[in-house]
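In what follows, a structure is listed as structure tokens, so that the remarks can point back to it.
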Amino acid sequence: MPRMQDRVVFVTGAARGQGRAHAVRVAKEGADVIGVDICEDIKTNGYSMATPEDLDETARQVRDAGGRMLSVRADVRDRQAVIDAVQRGVGEFGRLDGVVAQAGICPLGTDDPHAFMDAFTVDFVGVVNAVEAALPHLSEGASIVATGSLAALLPGATDNPANGAGGLGYSLAKRMIGSFINDLAVVLGPKGIRANAVHPTNCNTEMLNSDIMYRIFRPDLDAPTREDALAAFPAMTGMGVPFVEPEDVADMVLFLLSDESRYVTGMQMRVDAGGYVRSRPQQPTF
Ligand SMILES: NC(=O)c1ccc[n+]([C@@H]2O[C@H](COP(=O)([O-])OP(=O)(O)OC[C@H]3O[C@@H](n4cnc5c(N)ncnc54)[C@H](O)[C@@H]3O)[C@@H](O)[C@H]2O)c1
């Protein structure tokens with residue numbers, strides 16, 4: 001029996017990268033998808049966002065996997081647009097069982113204060129908006145997953161002021177996702193609805209494969225290439241690998257959405273190849 005048979009999952013940031021992997025993975029397991037993406041650039045972010053063609057490609061891959069996908073271009077900062085997208089999807093598919101709130105930006109390398117605000121509003125307020133839009137349609141057995149970040153859990157990584165204002169906004173947002181998910185799990189537990197966070201280490205997507213990121217990982221070089229960065233990427237893992245693949249994160253997301261995790265809630269699930277335990281502050285957290 002497919003693990004998501006006849007279910008409907010709402011994914012933000014669905015046009016490419018991890019969002020696409022999550023959409024396709026759940027479709028392979030029998031789900032239909034409501035896929036939202038901004039599909040246009042955000043000025044303060046030093047690498048491009050997805051394109052409308054990327055979103056079409058996700059929909060094509062979802063179809064090939066046996067699912068249906070409603071594609072909506074919307075900015076997760078625009079709460080009404082997100083509410084409208086979810087309502088359209090529920091109207092079309094008849095129900096909502098899962099949320100993957102994972103649209104995100106990482107505007108490192110600039111001191112523009114707007115980068116701080118953009119990172120925080122996309123990466124945190126965008127998650128709140130996705131949950132808010134979904135809540136009226138969720139019932140017992142439903143599952144919410146939000147994407148945090150290993151780098152944000154490690155003091156001195158993305159929150160290092162040397163990485164710019166956007167990094168501070170990113171870290172703040174991603175850490176607040178952790179707290180938000182803990183409290184959401186408490187609030188929704190009595191209704192039988194679960195909430196968990198996923199914290200990836202470096203993931204092999206366009207966010208990581210960008211000139212901005214290469215410069216962050218290789219501050220010793222003027223114009224580092226991907227090859228230069230590849231030598232430094234393993235510092236964020238404990239298993240010697242430079243990154244995980246989007247599909248590795250999708251496997252965790254699928255687990256958290258499916259009934260296999262029916263009593264797993266309020267968890268901070270790291271898909272980080274051992275990156276956190278290797279670099280964590282020795283006290284007092286586990
Ligand atoms: N790639 C990494 O190394 C890494 C590591 C840890 C956490 N993450 C997190 O994983 C999530 C997915 O990122 P990814 O790695 O797939 O990168 P990505 O840049 O390929 O994908 C992000 C997607 O979100 C969309 N998006 C951005 N802002 C949006 C907005 N305001 N409204 C709607 N859609 C928007 C983009 O268009 C893009 O399709 C992000 O939350 C990111 O912070 C990534």
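First listed ligand is number 1; within each ligand, the first listed atom is number 1. For the single chain, residues carry numbers from 1 onward in sequence order.
Of all protein heavy atoms, the one lying nearest to atom 16 (O) of ligand 1 is Gln18 N, 2.8 Å. Nearest protein neighbour of atom 6 (C) of ligand 1, counting heavy atoms only, is Pro200 O, 3.2 Å. In this structure, atom 42 (C) of ligand 1 lies nearest to the protein heavy atom Met207 CE, 3.4 Å. Distance from atom 3 (O) of ligand 1 to its nearest protein heavy atom, with residue and atom name: Cys203 N, 2.8 Å. The shortest contact between atom 21 (O) of ligand 1 and any protein heavy atom is with Arg16 NE, 3.9 Å. Of the protein's heavy atoms, Gly104 O, 3.8 Å lies nearest to atom 22 (C) of ligand 1. When hydrogens are left out, the protein atom nearest atom 5 (C) of ligand 1 is Thr201 O, 3.2 Å; that is the closest non-hydrogen contact. Among all protein heavy atoms, the one lying closest to atom 29 (C) of ligand 1 is Ile38 CG2, 3.6 Å.
In this structure, Arg68 pairs ionically with Asp32, as a charged nitrogen and a carboxylate oxygen lie closer than 4.0 Å. Under the 4.0 Å criterion applied to side-chain N and carboxylate O atoms, Arg7 and Asp259 are assigned as salt-bridge partners. The residues Arg226 and Asp228 are annotated as not salt-bridged, no charged nitrogen and carboxylate oxygen being separated by less than 4.0 angstrom. Between Arg25 and Asp251 there is a salt bridge, with a side-chain nitrogen of the basic residue lying less than 4.0 Å from a carboxylate oxygen of the acidic one. Arg60 and Asp64 are joined by a salt bridge, as a carboxylate oxygen and a charged side-chain nitrogen come within less than 4.0 angstrom of each other. By the 4.0 Å N-to-carboxylate-O rule, Arg95 lies too far from Asp6 to be salt-bridged with it. Salt bridge Arg16/Glu206: present, at least one basic N to carboxylate O contact under 4.0 Å.
Residue contacts with ligand 1: Ala74 is included, with a non-hydrogen atom under 4.0 Å away. Using a 4.0 Å heavy-atom cutoff, Val122 is listed among the residues neighbouring ligand 1. Using a 4.0 Å heavy-atom cutoff, Gly126 is absent from the residues neighbouring ligand 1. The closest approach between any non-hydrogen atom of Phe243 and ligand 1 is not below 4.0 Å. Not a single heavy atom of Asp123 lies less than 4.0 angstrom from ligand 1. Look at Val36 and you'll find every heavy atom at least 4.0 Å from all atoms of ligand 1. Taking 4.0 Å as the cut-off, Gly148 counts as a neighbour of ligand 1 on heavy-atom distance. Using a 4.0 Å heavy-atom cutoff, Met213 is absent from the residues neighbouring ligand 1.
Annotation: Thr205 places an N or O atom under 3.5 Å from an N or O atom of ligand 1; distance criterion only. Where the criterion is an N or O separation shorter than 3.5 Å, residue side chain and backbone included, Val76 meets it with respect to ligand 1. Ligand 1 has no nitrogen or oxygen under 3.5 angstrom from a nitrogen or oxygen of Arg77. The shortest N or O to N or O distance between Asp75 and ligand 1 is under 3.5 Å. For ligand 1, the polar-atom distance check against Gln102 finds a nitrogen or oxygen pair separated by under 3.5 Å. Where the criterion is an N or O separation shorter than 3.5 Å, residue side chain and backbone included, Gly17 fails it with respect to ligand 1. Polar contact check, Tyr170 against ligand 1: a nitrogen or oxygen pair lies under 3.5 Å apart. Note: an N/O pair closer than 3.5 Å links Ala50 and ligand 1 by distance alone.
Among Asn45, Thr158, Asp37, the residue whose heavy atom lies nearest to atom 37 (O) of ligand 1 is Asp37.
Here His199 has no heavy atoms under 4.0 Å from ligand 1, in either its backbone or its side chain.
Listed by atom number, the atoms of ligand 1 under 4.0 Å from Gly13 heavy atoms are 23 (C), 24 (O), 25 (C). Annotation for ligand 1: atoms under 4.0 Å from non-hydrogen atoms of Ile105 are 27 (C), 28 (N). Atoms of ligand 1 found under 4.0 Å from any heavy atom of Thr147 (numbered from 1 in listed order, with element): 9 (C), 10 (O), 11 (C). Which parts of ligand 1 touch Asn202 is read off a 4.0 Å heavy-atom cut-off, strictly below it: atoms 3 (O).
Counting heavy atoms of neighbouring residues, nucleotides and ligands inside a 6.0 Å radius, atom CD of Glu140 does not exceed 12 of them. With a 6.0 Å radius and a threshold of 12 heavy atoms from other residues, nucleotides or ligands, Glu227 has its CD atom at or below the threshold. Annotation for His114: atom NE2 does not count as buried by contact number, only 12 or fewer foreign heavy atoms lying within 6.0 Å.
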Pair Arg88, Asp84 - check salt bridge (charged side-chain N to carboxylate O under 4.0 Å, His left out), show working.
CA-CA 6 Å; Arg88 267 185 67 196; Asp84 292 346; over 6 Å; no
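Side-chain rings of Tyr170 and Phe116 stay apart, their centers remaining 6.0 Å or farther from each other.
Counting only N and O atoms by type, the side chains of Arg20 and Thr58 include a donor and acceptor under 3.5 Å apart. No side-chain donor from either of Asn45 and Asp118 sits under 3.5 Å from a side-chain acceptor of the other. There is no side-chain donor-acceptor pair under 3.5 Å between Thr237 and Thr201. Using a 3.5 Å distance cut-off with no hydrogens or angles, the side chains of Asn182 and Gln268 do pair a donor with an acceptor.
Note on ring orientation: taking the six-membered ring where Trp is involved, the planes of Tyr214 and Phe233 are tilted (angle from 30° to 60°).
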